[in-house]
Asker: 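Quick one: the structure is below, questions incoming.
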Amino acid sequence: MKHFFSFLVPLFIFLIEYSVFCSNNDAQLKVVIPKTNASSDYMPIETRHDVIMVSAAETKHADSIDSVLSVHDEKKQVTMASNPSPAVKSGSNKMESMAENKNPEKEKDDAFYGYYENKALELLSFEGTVKATSPVPDPETNDYENCLYAIFVEVDSIFSDTPLSDNVSSEVVINVPIMKDKTILEKNRFVPGNKIRCLCAGYDEMPQAIQEIQVSDDIQLFEHQRYYAIRIQSIAEFQTTGKKNFAKREITVLPIQSLPKEEKASTLRKERIQKELARIDAELKEHGGSFKEWKKEYEVVSKKYNNLRKNNYEGWINDSFFAADNRETAYKTKEYIDSLLPYKKYLEENNIDLIVLRIPGKGDFAARVLASNDFRENPAWVEHYYECLKNDIEVVDPMRLMWEHRFDLPLFYFYNDPEERHPFEGALFYSAVAIADVLKRYEYEKEQKKISLLQVKQHVNKPRFFYPDGNENYPSSEYVHFDQVVFNEKPLVDLSQNSGSPFLFLGNCFFGRYTIKELTLPSYVAYQLQTIPDFIYREGVTTGLVRHLFSSEGLLTNRKAVILIGMPDIWNACSSFPRYLMNKNVKITLEETIPFDSERIKMQKLNLMPRFEALMAFSHFMDYSGYFNKRKEGGFWVEPKWCDVVSFLLSIPHLPGKSTCMLRLKWVKTGGGLPLINIYNADDNSIIEYGAQPGKGKNTFCDFFVPLTDSDETTIKIQLQFGTGTRNHVLDNIELWYY
């Protein structure tokens with residue numbers, strides 16, 4: 001301690017310099033520093049520390065802030081209020097930090113990069129190597145102004161001293177701001193191999209406005225810790241002063257606190273599905289007895305609508321406006337059902353129903369109205385819907401209801417903006433009616449104060465917020481108007497993620513929030529049910545949202561139904577289900593990672609057709625000679641042009657008290673679909689696991705559960721079977737998770 005105060009001045013300077021990271025010179029940083037009269041580390045913390053507010057305008061550039069993060073308050077937290085926060089509170093005092101001529105409300109709505117609503121955040125500072133990145137969005141084609149992207153990092157050293165730092169593992173995923181106001185943040189663009197220094201906070205601890213931003217993420221490493229980059233930069237070399245003791249990667253699978261099963265709701269659910277199946281069976285007979293015949297018959301409607309699209313048709317019909325400017329949705333039925341069934345079954349085990357609410361695409365709805373005089377649904381959709389129902393995946397389709405009310409409202413979609421495909425009042429309102437009619441089968445408490453509608457106008461000077469030309473009842477000089485949901489005399493705008501509602505919605509801009517914040521499908525559901533549901537909103541596609549259900553504690557507590565918004569992009573497949581979730585109340589620990597160039601992995605040929613040879617070559621097509629014993633960095637390159645089956649043997653060591661090993665095969669640089677994977681016991685008789693593995697990204701993993709034998713080791717044979725479309729696979733390593 002005798003040298004402590006000699007470090008005080010530079011320490012304080014570093015802390016001040018950190019605040020220059022804020023892009024607004026009026027931003028504030030709450031800094032916790034030792035008091036100058038503190039004489040001992042053993043003094044009470046409240047007598048050893050001061051809290052001060054520092055303006056970024058008073059600071060200079062900082063090269064490093066990592067060495068100062070060990071100084072923190074009793075909770076070891078730094079509270080940051082960065083650009084563009086309108087004010088910073090310290091105790092009962094408020095320090096105004098808005099620059100002149102700025103609109104505080106506008107600034108607050110722009111929460112994105114460095115704005116944390118004065119939220120207390122535990123921080124983690126470290127250095128590491130980028131192992132993989134998700135794609136960087138194209139600003140010209142991306143639907144949104146802002147975007148994050150995921151990077152996968154191997155941690156080298158930790159510099160902070162917080163509870164968050166004590167529990168970090170050697171590999172983490174960081175959501176990094178990459179696009180702001182349609183401009184790529186080049187300083188945040190990284191490639192594998194880059195060394196970085198990063199200051200971050202837990203992603204789940206960020207304000208809801210941050211978590212709602214679109215994320216480009218094809219990494220989807222579910223059990224990895226996920227952070228949000230507050231500051232991140234590329235560096236030439238690592239420092240050598242950080243600690244390198246990392247927490248073991250563990251997955252704790254906790255049981256969901258479930259409500260008792262509602263027998264009445266369960267019965268009504270089954271009756272609804274059976275009624276819909278019977279209706280489709282009857283319609284199928286009317287259209288030739290097969291979907292193939294039905295599709296031929298539908299070609300008349302399809303061709304007429306495509307001609308309208310080619311001619312860019314748009315116009316008023318009665319007092320409603322329509323445009324033929326989008327294709328009808330395509331469907332991948334088997335892939336979708338296979339990916340969603342595990343989620344449905346898992347929720348069902350916890351007395352929670354999974355319901356998919358279809359939001360018809362703009363072209364799907366326009367084709368019904370413009371290309372036929374009666375309601376003629378696309379048989380491609382009906383077939384997909386039919387197969388989902390047969391597999392007990394409940395889908396709610398509002399299309400017929402929307403068609404019946406097609407002339408009741410002026411705008412069902414943003415037809416007045418040809419490039420805009422998001423739903424507007426008509427599509428959202430009648431979708432809410434359709435799903436609310438289904439949710440009424442459950443028992444729930446209604447709000448004591450009435451939830452009502454109030455007609456308002458949207459005052460935004462953009463083309464889509466004015467009526468189209470051609471209708472004197474809706475002049476093009478008028479802002480569009482809509483029914484706003486009002487609760488407790490205020491607009492029902494910000495819904496919670498976890499208020500305790502029995503209903504949880506998962507969705508994106510097809511909620512309507514992207515277009516007008518006061519006009520959302522969950523709000524209209526609240527009006528229909530007179531109870532306010534929870535919702536998780538994220539810009540972009542919703543295929544990964546179902547995995548989010550398990551990443552935040554308590555999201556599924558006491559739910560009765562999870563409603564997934566089925567917008568046009570969702571009908572291909574959801575992200576793969578983390579299968580270890582099926583093992584309740586266990587802790588799974590990563591004990592060992594075996595590189596694929598390890599001598600422990602025994603390669604072998606077996607059971608090949610005569611014209612093929614099992615060939616395990618190396619990445620970048622190295623020399624094939626001696627490929628069974630040659631080892632190179634980068635893993636084995638499996639090239640199915642020369643082989644259709646390859647296999648290898650692996651001996652799994654036993655650990656005391658562990659009965660199962662989750663074997664994770666990690667792939668990198670994949671192109672096309674992955675091969676079929678068969679896992680056998682050493683006697684070749686018992687198949688342990690079999691199945692095609694989803695994923696075409698640069699980083700994909702496959703999990704298999706291997707029961708351990710009574711001996712010291714369990715030897716298995718892993719067989720890779722290739723087919724059409726499987727190519728360019730680098731097997732990186734195998735992880736052994738025990739429980």
Side-chain angles (χ1 to χ4, degrees), residues 258-273 276 347 351-359 394-402 404-405 408-409 423-456 482-507 510-513 516-537 549 555-567:
S258 303
L259 293 169
K261 186 175 182 179
E262 287 190 20
E263 295 298 335
K264 178 182 177 181
S266 180
T267 299
L268 291 174
R269 177 185 181 276
K270 292 177 181 177
E271 289 178 353
R272 178 185 174 272
I273 291 176
E276 285 293 280
L347 294 173
N351 298 332
I352 302 171
D353 290 333
L354 176 64
I355 306 172
V356 181
L357 171 60
R358 179 196 187 192
I359 307 295
E394 186 175 16
V395 179
V396 174
D397 180 11
M399 179 72 88
R400 186 179 293 270
L401 186 64
M402 288 170 58
E404 290 172 354
H405 293 272
D408 290 359
L409 294 166
F424 193 61
E425 183 181 20
L428 295 173
F429 186 85
Y430 290 108
S431 294
V433 171
I435 187 63
D437 283 346
V438 171
L439 296 180
K440 287 175 182 176
R441 70 191 180 204
Y442 301 97
E443 296 179 1
Y444 62 90
E445 293 185 7
K446 294 185 177 181
E447 295 290 346
Q448 293 183 350
K449 295 185 177 181
K450 187 176 180 180
I451 303 173
S452 58
L453 297 179
L454 175 67
Q455 192 169 90
V456 298
F482 59 92
D483 283 332
Q484 181 186 65
V485 180
V486 177
F487 173 63
N488 198 17
E489 300 181 352
K490 295 180 181 179
L492 186 59
V493 175
D494 292 317
L495 279 69
S496 171
Q497 291 190 0
N498 203 356
S499 72
S501 169
F503 309 125
L504 175 64
F505 283 76
L506 307 177
F510 273 63
F511 270 152
R513 186 164 184 167
I516 300 175
K517 193 174 183 180
E518 293 84 356
L519 180 89
T520 68
L521 187 147
S523 296
Y524 282 143
V525 171
Y527 168 69
Q528 296 292 328
L529 296 179
Q530 291 297 302
T531 188
I532 301 174
D534 287 344
F535 85 142
I536 298 175
Y537 169 87
L549 291 174
L555 274 183
L556 293 176
T557 298
N558 293 336
R559 302 292 188 191
K560 297 189 177 184
V562 170
I563 301 94
L564 177 64
I565 297 300
M567 41 89 73

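What you see is a predicted model, and the numbers here were worked out from it, not measured in a lab. This chain uses plain numbering: 1 for the first residue, then up along the sequence.
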Asker: Step by step, work out the side chain to side chain contact (heavy atoms under 4.5 Å, CB included) result for Glu394 and Leu354.
Answerer: CA-CA 7 Å; Glu394 186 175 16; Leu354 176 64; over 6 Å; no
Asker: Distance-only check: which donor-acceptor pairs under 3.5 Å involve side-chain atoms of residues 447-455, not counting sequence neighbours?
Answerer:
residue : atom : partner : partner atom : Å
Lys449  : NZ   : Asn488  : OD1          : 3.1

Asker: Indicate yes or no for a side-chain donor-acceptor contact from Glu425 to the backbone of Asp483 under 3.5 Å, with no hydrogens or angles considered.
Answerer: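 Side chain of Glu425 to backbone of Asp483: a pair is present.
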Asker: Run the side chain to side chain contact (heavy atoms under 4.5 Å, CB included) check on Asp437 and Val396 step by step: do they pass?
Answerer: CA-CA 10 Å; Asp437 283 346; Val396 174; over 6 Å; no
Asker: Kindly indicate whether the side chain of Leu439, heavy atoms from C-beta on, has any atom under 4.5 Å from the side chain of Ile563.
Answerer: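 With C-beta onward as the side chain, the pair touches.
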Asker: Over 60° means perpendicular and under 30° means parallel, so tell me whether Tyr430 and His405 are parallel, tilted or perpendicular.
Answerer: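 Aromatic pair Tyr430/His405 classed parallel.
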Asker: If we ignore hydrogens and angles and just use 3.5 Å, is the side chain of Ser266 paired with the main-chain N or O of Glu262 as donor and acceptor?
Answerer: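 Here the side-chain-to-backbone pair does not exist.
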Asker: To check you understand the geometry: which heavy-atom pair defines the closest contact between Ala434 and Leu401, and what is its length?
Answerer: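 In this case the closest contact between Ala434 and Leu401 is N-CD2, 4.1 Å.
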Asker: Can you check side chain to side chain contact (heavy atoms under 4.5 Å, CB included) on Arg269 and Asp353, steps first, answer last?
Answerer: CA-CA 9 Å; Arg269 177 185 181 276; Asp353 290 333; 3.8 Å; yes
Asker: The test is side chain to side chain contact (heavy atoms under 4.5 Å, CB included); show your working for Leu259 and Asn351 and say whether it passes.
Answerer: CA-CA 7 Å; Leu259 293 169; Asn351 298 332; 5.8 Å; no
Asker: Under a 4.5 Å cut-off applied to non-hydrogen side-chain atoms, are Asn498 and Thr557 in contact?
Answerer: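 No, too far: nothing below the 4.5 Å cut-off.
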Asker: Strictly distance-based, threshold 3.5 Å: is any side-chain N or O of Arg559 a donor or acceptor partner for the main-chain N or O of Ser501?
Answerer: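 Present.
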Asker: Using every non-hydrogen atom in the two residues, find where Ala526 and Ile532 come nearest and quote the distance to one decimal.
Answerer: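 Smallest heavy-atom distance, with atoms named: CB-CA, 4.1 Å.
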Asker: Does the side chain of Lys560 reach to within under 4.5 Å of the side chain of Glu443, using non-hydrogen atoms?
Answerer: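 In contact.
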Asker: What are the two closest non-hydrogen atoms of Leu529 and Phe503, and how far apart are they?
Answerer: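 Between these two residues, the closest heavy atoms are CD1-CE1, 4.0 Å.
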Asker: Taking the side chain as C-beta and beyond, is there a heavy-atom pair between Gln497 and Asp534 under 4.5 Å?
Answerer: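 Of all side-chain heavy-atom pairs linking Asp534 with Gln497, none is under 4.5 Å.
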Asker: If only atom types and distance count, is the side chain of Thr531 paired as donor or acceptor with the main-chain N or O of Glu445 below 3.5 Å?
Answerer: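 Yes, Thr531 side chain to Glu445 backbone: donor-acceptor pair under 3.5 Å.
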Asker: Between CD1 of Ile273 and CD of Glu276, what distance do you get to the nearest 0.5 Å?
Answerer: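 Output value for this atom pair is 9.5 Å.
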Asker: Ignoring hydrogens and angles, tell me if any N or O in the side chain of Ser523 forms a donor-acceptor pair with the backbone of Leu492 under 3.5 Å.
Answerer: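 Yes: the side chain of Ser523 pairs with the backbone of Leu492.
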Asker: Please report the interatomic distance CG(Asp397) to CD1(Ile359), rounded to the nearest 0.5 Å.
Answerer: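 Between Asp397 CG and Ile359 CD1, I get 10.0 Å after rounding to 0.5 Å.
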Asker: Please report the interatomic distance CD(Gln484) to OG1(Thr520), rounded to the nearest 0.5 Å.
Answerer: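 Atom-to-atom, Gln484:CD and Thr520:OG1 are 10.0 Å apart.
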Asker: If you take all heavy atoms of Pro423 and Leu428, which pair is closest and at what distance?
Answerer: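 Between these two residues, the closest heavy atoms are CG-CD2, 3.8 Å.
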Asker: Is there a side-chain contact between Leu409 and Phe482, using heavy atoms and a 4.5 Å cut-off?
Answerer: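 No, their side chains stay 4.5 Å or more apart.
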Asker: Any side-chain heavy-atom pair from Leu504 and Leu549 closer than 4.5 angstrom?
Answerer: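 They are in side-chain contact.
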Asker: Where do Phe510 and Ile565 come nearest, in terms of heavy atoms and distance?
Answerer: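 Smallest interatomic distance, heavy atoms only, reads CB-CG2, 4.2 Å.
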Asker: Parallel under 30°, tilted from 30 to 60°, perpendicular over 60°: which one fits the rings of Tyr527 and Phe429?
Answerer: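 Taking Phe429 first and then Tyr527, their aromatic rings sit tilted (interplane angle of 30° to 60°).
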Asker: How close do Ala561 and Ile355 get, heavy atom to heavy atom, and via which atoms?
Answerer: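 Where Ala561 meets Ile355 most closely, the heavy atoms are CB-CD1, 4.2 Å.
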